[in-house]
Number of protein chains: 2
Amino acid sequence: MSDEQRQRQRLDISRHAVRLFAAQGVAGTSGEQIAQAAGVSERTFWRYFPHKESCVEPLLTKMVDAFCTVLHAWPPELELIDHLREAYTPVLDSSSDEDVDAVLSVVRLTHHEPALRAAYLMLRERAEDALADVLGPRLDLPADAIEVRVQAAAMSAVLRVATDDVAQASAEGVTKETLEGHREQMASAVSQVLRGLSQKR
Amino acid sequence: MSDEQRQRQRLDISRHAVRLFAAQGVAGTSGEQIAQAAGVSERTFWRYFPHKESCVEPLLTKMVDAFCTVLHAWPPELELIDHLREAYTPVLDSSSDEDVDAVLSVVRLTHHEPALRAAYLMLRERAEDALADVLGPRLDLPADAIEVRVQAAAMSAVLRVATDDVAQASAEGVTKETLEGHREQMASAVSQVLRGLSQKR
DNA sequence: ACATTTAGTGGCAGAGAGTGCCAACAATCG
DNA sequence: CGATTGTTGGCACTCTCTGCCACTAAATGT
């Protein structure tokens, strides 16, 4: 089976799992239930996901990847805040509303479900490497230099806070304003720490 | 049983667990083994620790608490970097060498043991609140203001990178220089992001 | 067209994680 | 001393997750 097919399958199961998690909690949802909802055997389910909580991974990864794509397209001459304002909206528009809802609901879930929070934090830490790949060249340093890793970590952390904030704000349905608020939240949070960065250059 | 006694018991079990984790890996260490090593029944062990990975919590918490104590004693007139240089060394000296070793070995372990990494990240996120309590007054803002949370998150993230770095560096035994390097690593990392902070004031 | 390899799937059994329940035991208090 | 309260350990049980194998289907060779 192709890698791409496998990813699609995982994403599909992920959507079912998240819906069940939101409805009954993580502890109240068994692997068997998720498998049944997704239409695969329990054995196959456990092959796709090593732990129950990692069911949220595909959906969240999709969000993180989208952001990383925008980030990679950041032209050198532009301020990051301006680039985000310009390039981030179309990305959000292009993904399906259901998935945006699902992602935000997962982020909200993580505040009451420690296991999901842990999975979320692990995922974000993996995303730091991608961030370092972008920031490294900007600082004329290798991506694994300590200064780069520090900047990437700081930026990732403020993005997490901004994301938590907007997820909380969008508890009652997602509006266009909420998402624009998200973009601005991120932009301003980033600019807050990037003062250190611009001085460093 | 007093709360303090319970904490001591947890810490004791924690030390045994960490030793076993380092020797055989997390997956290779059963709850029964830890319980036996610590001299309690398996049932009691599971009462003290809801998950196997949370065994690392007491030791790590001790480290985080020590840092938070130093942070709370940060006088308003001093730069943070100077305060750390001045007040952090005695704290490290006062804790037992075994525990310092154990903590560093846990941090190193987290790089190969995802479950421990997740526990570690969760712990650090809890510590962000303590950080916000210190930073809030400095910015003349409530501790739950978004700007404060952003700063706390950024600072916590850079401290994590610095800690990972020193843990890696101290793989072959801990020297006095390693620890001083740690303090300087932290100080410089913090000052790197705090430029944003000082401009904000 | 047919045999063979290859890869994914599901079922089953089992180890280990973690919980509920109860009996035993110790400490505390009247 | 008896009653109460809180901690412990043992037992049985559920659920998570894995190893193993048989089954199916697609791809490949001849």
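Residue numbering restarts at 1 for every chain, and letters A, B, ... go by the order of the sequence lines.
The existence of a salt bridge linking B:E98 and B:R15 is excluded, since no basic side-chain nitrogen approaches an acidic carboxylate oxygen closer than 4.0 Å. Here A:K62 pairs with A:D99 in a salt bridge; the nearest charged N to carboxylate O distance falls below 4.0 Å.
A:Q36 places its CD atom 11 Å from the P atom of C:dG11, with the value rounded to the nearest Å. Going from atom CH2 of A:W46 over to atom C1' of C:dG16 covers 14 Å, rounded to whole Å. Distance A:E32 CD to C:dG10 C1': 13 Å, rounded to the nearest Å. When the C1' atom of D:dA27 is taken as reference, atom CD of A:Q5 falls 15 Å away, rounded to whole Å. Rounding to whole angstrom units, CZ of residue B:R43 and C1' of C:dC22 are separated by 11 Å. As a whole-Å value, the separation of B:R8 CZ from D:dT7 P is 16 Å. A straight line from CG of B:L20 to P of C:dG16 spans 15 Å, rounded to a whole angstrom. Distance CD (A:E42) to C1' (D:dG19): 15 Å, rounded to an integer number of Å.
Side chain of B:Q9, nearest nucleotide from D:dG9, D:dT16, D:dT8: D:dT8. Listed nucleotides: D:dG9, D:dG19, C:dA17. Nearest to the side chain of B:V40: D:dG9. Closest approach to the A:S30 side chain among C:dG11, D:dG9, D:dT16 is made by D:dT16 (side chain taken as heavy atoms from C-beta onward).
For B:H51 and C:dA17, the shortest distance from a side-chain N or O to OP1 or OP2 is not below 4.0 Å. Side-chain N/O atoms of A:Y48 include one lying less than 4.0 angstrom from OP1 or OP2 on C:dT9.
In this pair, A:W74 and A:H83 present their aromatic rings parallel. The plane angle is below 30°, not in the 30 to 60° band.
A residue-by-residue look at B:K52 and B:R47 shows that B:K52 has its nearest nucleotide of DNA chain C further toward the 5' end. DNA chain D is contacted by both A:G31 and B:T44; B:T44 maps to the nucleotide lying nearer its 5′ end (nearest heavy atom per residue). Mapping A:E53 and B:F45 onto DNA chain D by nearest heavy atom places B:F45 at the nucleotide closer to the 5' end.
As judged by a 4.0 angstrom heavy-atom cut-off over every strand, A:S54 is placed among residues making no nucleic acid contact.
The only member of B:V18, B:T29, B:I34 that meets side chain to side chain contact (heavy atoms under 4.5 Å, CB included) when paired with B:C55 is B:I34. Exactly one of A:L78, A:L84, A:L80 qualifies for a side chain to side chain contact (heavy atoms under 4.5 Å, CB included) with A:D82. That residue is A:L78.
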